[in-house]
Amino acid sequence: MSETNKGFPKDFLWGASSSAAQVEGGFDQGGRGLSIWDVKTLNPNTASFHYASDFYSHYKEDIALMAEMGFKAYRFSISWSRILPEGEGEVSQAGIQFYRNVLDELHKYNIEPVVTIYHFDLPLALQEKYGGWINRQMIDAYVNYCRILFKNYPEVKYWLTYNEQNMLTFFGAFDMLGSGNPKSNNDLYNEAHVGLVAQAKAIHLCHELLPDAWIGPAPNLTTSYPASADPKDYIAAQNMDDLRNNFYTDALVFGRYPQSVYAYFEMNDVVLDVHEDDFEIMRTCKPDFIGFNCYGNDTTEHLDYYELDFSDVDMSDNTNKSYLMKLMEKPGVGKSVVNPYFAENSVDGNRYDPYAIRVTARRLTERYHLPVLLTENGYGRPDTLTEDGQIHDDYRIEHLRETIKQMKIGIEEGAQLIGYCPWSAMDLVSTREGISKRYGFIYVDRDEDDVKAQTAEMKRYRKDSFHWYKKVIASNGEILD
Ligand code: BG6
């Protein structure tokens, strides 16, 4: 092993992540237009995204806390409908100014912004006008939005095109964003294709306007472990990787989809509407790095083809585990099963996969020969604020510590990992489980009650993990106790 491969690189991007809809609040302030998340059907007793963690008013305090932890980077997303209230057309100067303020504040502390252009919160106006990503007019709408961002924020070095596009497809049969209408596989994969052409065009545009910037996608990438040594499980794991992961990154790096996915398309009557230049645009766009969210790798068991039946799944509350398990069944490919080898958290007994990032960062480096940036990983739990203002989240510290230990070995083995931005900097509203499922280093004092949230102070507290992460960053990942 060469000396240069020992430990974390000097300029490793330690930080954390968030998304506009999940932290900002201020849904009706500064002329912001509505997004599909403002009107989405919520699970019972969960906070809406209207007030979230009120980063809109607390951004200075939050960024100061990030600086106190020693963050080198902060990954956040821009709300499309704050910049373009109607999704296209007139630009909101108040929206542009808000992110200018955020960027200036980050700059003050030398924190590198990692900007996600689009993180689930499609402007409602575009959903209504075009019906969402199924419509190829979304390509121009998205590229127009990107152009506005590139022109207004030329100092941003790291851009991420689209958060977890693959999850919107993979879990999209019931639309995890709450429309309640199951989508056909044909629609889902055609949406995916349109989204990929749009991203490829945005990558071209970024390179043209900002030659020094880096731009890449940010899917949720895992690596499938075969459930057993049965060759059928091994093949299922390979095919699952193609379907769930490689489809999205191969498109943008190689300009093609993995061959095994076409067999899945045939079984599921998927016919892609591919236009003449689509693959050429993708083949030539050349992302500079791959951002990836990774909460744990999958374990896959072979499944013969059968017609999926969702009739026994309760769609009114998608926090139900059976809902997610059903969406992870891909007949003809495989299904996700419990992995008995995963670690057991010694504090709360939950199982997790500390090897996930090590394995996947290695796999991505080998497949794409590009740097990789971890854009999400984390441990969502209902933390408790003690009377004297403390949060003892040892379960989170254990999860992060064991993950970072493995990441370090992964780098020594050759993974070209350039940064770690776990989810999340501060507590925020989960996609499906409200604010009680907390991920942050910074505790935000509010509960699920939206009425109270409108006037709540939303005081910030430092969790135990805050103090711990500060030491990790200061020692460049050497001190993990
Ligand atoms: C990722 C998303 O899927 O996981 C985030 O990019 C999300 O937006 C995070 O919040 C955690 O998932 P959840 O469902 O617990 O919020």
Side-chain angles (χ1 to χ4, degrees), residues 15-25 35-38 40-43 45-49 52-53 55 74-80 114-122 160-172 174-178 195 216-222 244-245 248 290-298 317-321 323-325 327-328 336 350 352-353 356-357 360 373-383 393 395-396 399-400 403 420-442 444 448:
S17 288
S18 73
S19 85
Q22 294 173 272
V23 290
E24 270 179 24
S35 86
I36 54 171
W37 275 38
D38 295 315
K40 92 173 193 164
T41 313
L42 302 171
N43 282 317
N45 307 315
T46 59
S48 79
F49 298 90
S53 306
F55 178 75
Y74 173 45
R75 175 205 175 211
F76 65 97
S77 79
I78 290 186
S79 154
W80 188 337
V114 177
V115 177
T116 314
I117 294 170
Y118 172 60
H119 192 125
F120 298 157
D121 50 350
L122 188 71
L160 296 162
T161 50
Y162 192 144
N163 181 71
E164 291 200 355
Q165 184 201 11
N166 59 332
M167 293 296 93
L168 298 183
T169 312
F170 197 75
F171 289 129
F174 278 168
D175 189 351
M176 81 189 227
L177 301 186
N220 178 311
L221 299 181
T222 57
R244 186 197 185 286
N245 305 308
Y248 305 86
I290 309 271
F292 73 113
N293 298 351
C294 185
Y295 288 82
N297 286 337
D298 298 314
D317 180 354
N318 70 20
T319 53
N320 185 330
K321 256 226 137 70
Y323 173 94
L324 282 182
M325 292 314 282
L327 296 180
M328 289 173 91
S336 223
N350 280 299
Y352 69 103
D353 177 13
I357 298 171
T360 297
L373 171 65
L374 191 284
T375 41
E376 280 184 41
N377 160 254
Y379 208 59
R381 291 291 174 269
D383 300 323
D393 56 342
Y395 34 82
R396 181 169 297 112
H399 169 96
L400 296 173
T403 302
Y420 180 59
C421 293
W423 195 254
S424 51
M426 71 292 276
D427 290 338
L428 41 70
V429 181
S430 141
T431 58
R432 302 171 300 117
E433 295 167 75
I435 185 95
S436 311
K437 186 184 190 186
R438 294 172 182 274
Y439 286 90
F441 293 107
I442 302 164
V444 175
E448 304 295 352

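Atom set for the values below is all heavy atoms of this structure, side chains included, hydrogens, waters and symmetry mates excluded. Atoms within each ligand, like the ligands themselves, are counted from 1 in listed order.
Of the options Phe171, Phe120, Tyr439, the smallest heavy-atom separation from atom 12 (O) of ligand 1 is shown by Tyr439.
Distance check, rounded to the nearest 0.5 Å: CD of Gln22 to OG1 of Thr431 gives 6.5 Å. Distance check, rounded to the nearest 0.5 Å: CH2 of Trp423 to OG of Ser19 gives 4.0 Å. How far NE2 of His119 is from OG of Ser79: 12.0 Å, rounded to the nearest 0.5 Å.
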Under the side chain to side chain contact (heavy atoms under 4.5 Å, CB included) rule, what do Tyr295 and Asn220 come out as? Steps first, then yes or no, please.
CA-CA 8 Å; Tyr295 288 82; Asn220 178 311; 4.2 Å; yes
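Between Tyr395 and Tyr379, the ring-plane angle classifies as tilted under the 30° and 60° cut-offs.
Close contacts of ligand 1 with Lys437, meaning ligand atoms under 4.0 Å from a residue heavy atom, involve 13 (P), 15 (O). Within the listing of ligand 1, atoms 1 (C), 2 (C), 4 (O), 5 (C), 6 (O), 9 (C) sit less than 4.0 angstrom from a heavy atom of Glu376.
Contacts with ligand 1 closer than 4.0 Å are made by side-chain heavy atoms of Asn293 only, the backbone lying farther away. For Asn163, every heavy-atom contact with ligand 1 shorter than 4.0 Å involves the side chain, none the backbone. By the criterion of a heavy-atom distance under 4.0 Å, the side chain of Gln22, and not its backbone, is placed next to ligand 1.
In terms of N/O distances under 3.5 Å, ligand 1 is not approached by Ser19. At under 3.5 Å, a nitrogen or oxygen of His119, whether backbone or side chain, sits near a nitrogen or oxygen of ligand 1. For the pair Glu164 and ligand 1, the shortest N or O to N or O distance falls below 3.5 Å.
Salt bridge annotation for Asp393-Arg438: absent, with no cationic side-chain nitrogen under 4.0 angstrom from a carboxylate oxygen.
Atom CG of Asn350 sits in a crowded spot, with more than 12 heavy atoms from other residues, nucleotides or ligands closer than 6.0 Å.
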